[in-house]
There are 2 protein chains.
Amino acid sequence: MTYCVGIKLNAGLVFLSDSRTNAGVDHISTFRKMIVYERPGDRFMVLLTAGNLSIAQSVREILQTEQLKDPGGGEPVSIWNARSMFDATRVLGQAVRHVYERDAEALRHSGVEFNVSMIFGGQIRGEGMRLFSVYSAGNFIEATAETPFFQIGESKYGKPVLDRLVRPETSLDEAAKCALVSMDSTMKSNLSVGPPLDLAVYEVDRFASEKLVCIDMSNPYYRMVHSSWGQKLREAFDSVPDPVWQGATDLPLATESCQHKPLRKIGRPEERLI
Amino acid sequence: MTYCVGIKLNAGLVFLSDSRTNAGVDHISTFRKMIVYERPGDRFMVLLTAGNLSIAQSVREILQTEQLKDPGGGEPVSIWNARSMFDATRVLGQAVRHVYERDAEALRHSGVEFNVSMIFGGQIRGEGMRLFSVYSAGNFIEATAETPFFQIGESKYGKPVLDRLVRPETSLDEAAKCALVSMDSTMKSNLSVGPPLDLAVYEVDRFASEKLVCIDMSNPYYRMVHSSWGQKLREAFDSVPDPVWQGATDLPLATESCQHKPLRKIGRPEERLI
């Protein structure tokens, strides 16, 4: 399995990926799922991949040289000369379709679904930052202010904390911290997501980044987040009052205000349920 | 979809269920998923169901009169005379298998999987409390001190908070609060889980409970949890230091200590990825 998250903020972009792959629980390996494309001053792009590893690796390989024909007869479009992230993502979508044409039928014969999903984001000089989620069919959607992040792979465990804390105004450092908390919760709940982690942080209009780091369990900052988040969550939880069923409280748990019928108990075999 | 959780503590049992069902996103209804069986002083049992609603309702209906033959020729065993929760759960498993025999083939013809999952727990006089997770095949597993809770349905969003906070020593009120936080996170992330909620709390060795409550969005305690948890989580998050990339800190995010190779950037179309 895999867990990757990409976040688009006013201040920049944050990408985080794990590196565990598994074919069953007894064939676990480490493969990095983040790839950074950078031509300083011109473009900075990050690709995160999840799904079938052979498909993901093929997409990454051919993306380097993939070209979209220009219907007007101009120069073909690659990720290296695309004038927008939208066009670069179209190139990625075409790369996925080329792998599909090559592999999908043979995979189907082996009972393997053509399964790959990607997050692709960055900035190309001349336009703002953009973040896309790309599907197995090569189609894609773009992040907006209402939906400032995408996740791929084992996304559910780590979604609530992102839902509650990430907004377009969130700072880059805060968003990186939130992504690490989200990853930490995911790794705690699902063994098939694991370290090392790759984290990339991009500041808007820089067209390059040095904030790339590989994080393993010896990383001092990650260890602090890992150990203190559980404790902080416990303190937050303790600070919410426990329920009081009835009586002297303005927040009773049991109340007559519910619009629905109370739950009826069943006391005998003959009793009807409905 | 559905989200239900059952928790076994030293002090008792906590059960919480939502009540949304959907066949697609445009056919949403309300069905209660908790059923309480109680013969005061003798037995108290709670069943939570998820999966195909027609299967779940059939199981609930026939469970009332389902009987296991006693190979020794004694009185057949029902949930009403079983001498252990293990035997009562065997009766439930047999009820699932009877619905399977009746419906599974016809469902398969319609392309519908035989999909039902249940949490069944309680206490029968003469033994301690027990909590089981029952599968579509009628087989089941039992909660232990290491795994004090079971979830069914849309379980992932709400699992991290349970993983971090629920222990066998947790009090009943705290566990009820934790179940509500877990449900709140799930409802925030998945529209197919929704109110009203049914909450049942059982104190050990009571063989009855009056702590059953239906909770809708007007419930004062739930509203407080719903509004304050996001705020408390934000405060907990803010209290964890933001990352400092390098320099004057004892918790640097970027460090040479990582055992893995740093992520290499790709700068040209010709560059090899591996």
Side-chain angles (χ1 to χ4, degrees), chain A residues 34-39 60-61 64-65 78 80 156-157 159-160 163-165 173-174 176-177 185 188-189 196 198 211-216 218-221 224-225 228-230 232-237 239-240 242-243 245 251-255 257-260 262-263 265-267 269 273, chain B residues 34-39 60-61 64-65 78 80 156-157 159-160 163-165 173-174 176-177 185 188-189 196 198 211-216 218-221 224-225 228-230 232-237 239-240 242-243 245 251-255 257-260 262-263 265-267 269 273:
Chain A
M34 179 184 291
I35 188 158
V36 177
Y37 305 93
E38 178 186 288
R39 187 187 286 149
R60 288 160 52 148
E61 182 79 18
Q64 275 285 70
T65 51
S78 74
W80 293 105
K156 293 184 179 183
Y157 299 115
K159 187 165 182 285
D163 277 337
R164 292 194 197 259
L165 298 174
D173 283 343
E174 265 198 308
K177 180 174 70 168
S185 294
K188 191 167 168 63
S189 292
D198 286 313
K211 291 192 169 174
L212 309 179
V213 60
C214 176
I215 298 170
D216 66 11
S218 74
N219 185 284
Y221 182 75
M224 182 279 294
V225 169
S228 68
W229 179 246
K232 300 287 185 184
L233 201 74
R234 155 62 67 185
E235 289 166 18
F237 182 74
S239 75
V240 176
D242 283 349
W245 280 81
L251 299 171
L253 181 55
T255 163
S257 72
C258 184
Q259 303 290 308
H260 296 81
L263 202 68
K265 297 180 201 173
I266 304 292
L273 294 171
Chain B
M34 179 183 292
I35 187 158
V36 178
Y37 305 93
E38 179 185 290
R39 187 186 287 148
R60 287 161 54 149
E61 182 79 19
Q64 275 285 69
T65 52
S78 74
W80 293 106
K156 293 184 180 183
Y157 299 115
K159 186 164 183 286
D163 277 336
R164 292 194 198 260
L165 299 173
D173 283 343
E174 265 197 310
K177 179 174 70 169
S185 294
K188 191 167 169 63
S189 291
D198 286 313
K211 291 192 169 173
L212 309 179
V213 60
C214 177
I215 297 171
D216 66 12
S218 74
N219 185 283
Y221 181 75
M224 183 279 294
V225 169
S228 69
W229 179 245
K232 300 287 185 184
L233 201 74
R234 155 61 67 184
E235 290 166 16
F237 182 74
S239 75
V240 176
D242 282 349
W245 280 81
L251 299 173
L253 180 55
T255 163
S257 73
C258 185
Q259 302 290 309
H260 296 80
L263 201 69
K265 297 181 201 174
I266 304 291
L273 294 171

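Below, all heavy atoms of this structure are taken into account, side chains as well, without hydrogens, waters or symmetry copies.
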Q: Heavy-atom pairs under 4.5 Å with chain A: which of B:Leu263, B:Thr65, B:Asp163 has the most?
A: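 Ranked by contacts with chain A, first place is B:Leu263.
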
Q: With respect to chain B, which residue among A:Cys258, A:Pro262, A:Ser218, A:Pro243 yields the maximal number of heavy-atom pairs within a distance under 4.5 Å?
A: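 Winner by heavy-atom pair count: A:Pro243.
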
Q: To the nearest 0.5 Å, what is the distance between NZ (B:Lys188) and NZ (A:Lys159)?
A: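 Here the rounded value is 9.0 Å.
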
Q: Kindly compute the distance separating CG (A:Asp242) from OH (B:Tyr221), expressed to the nearest 0.5 Å.
A: 5.5 Å

Q: Which answer fits B:Asp173, side chain, backbone, both or neither, if we ask what part of it has an atom under 4.5 Å from a heavy atom of chain A?
A: both

Q: Between A:Ala254, A:Ser78, A:Ser239, which residue shows the highest count of heavy-atom pairs closer than 4.5 Å to chain B?
A: A:Ser239

Q: Quick check on B:Glu38 against chain A: is it the side chain, the backbone, both or neither that has a heavy atom closer than 4.5 Å?
A: both

Q: Roughly how far, to the nearest 0.5 Å, is CD1 of A:Ile35 from CD1 of B:Ile266?
A: 4.5 Å

Q: Give a yes or no answer on whether the side chain of A:Lys177 reaches the backbone of B:Val240 with a donor-acceptor pair at less than 3.5 Å.
A: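 Yes, because the side chain of A:Lys177 sits within donor-acceptor range (under 3.5 Å) of the backbone of B:Val240.
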
Q: Taking atom NE2 of A:His260 and atom SG of B:Cys214, what is their separation to the nearest 0.5 Å?
A: 6.5 Å

Q: Charged N to carboxylate O under 4.0 angstrom, B:Glu174 versus A:Arg234?
A: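 Counted as a salt bridge, because a side-chain N and a carboxylate O are separated by less than 4.0 Å.
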
Q: Counting heavy-atom pairs under 4.5 Å to chain A, which of B:Lys211, B:Glu235, B:Arg39, B:Lys232 comes out on top?
A: B:Lys211

Q: I'd like to check A:Pro196 versus B:Gln259 (side-chain heavy atoms, cut-off strictly below 4.5 Å). Are they in contact?
A: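 No, their side chains stay 4.5 Å or more apart.
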
Q: Using a 4.5 angstrom heavy-atom cutoff, name the option from A:Thr255, A:Val225, A:Leu212, A:Leu253 with the most pairs to chain B.
A: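 Top option by heavy-atom pairs under 4.5 Å: A:Leu253.
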
Q: Does any backbone or side-chain atom of A:Pro269 lie under 4.5 Å from a heavy atom of chain B? Answer side chain, backbone, both or neither.
A: both

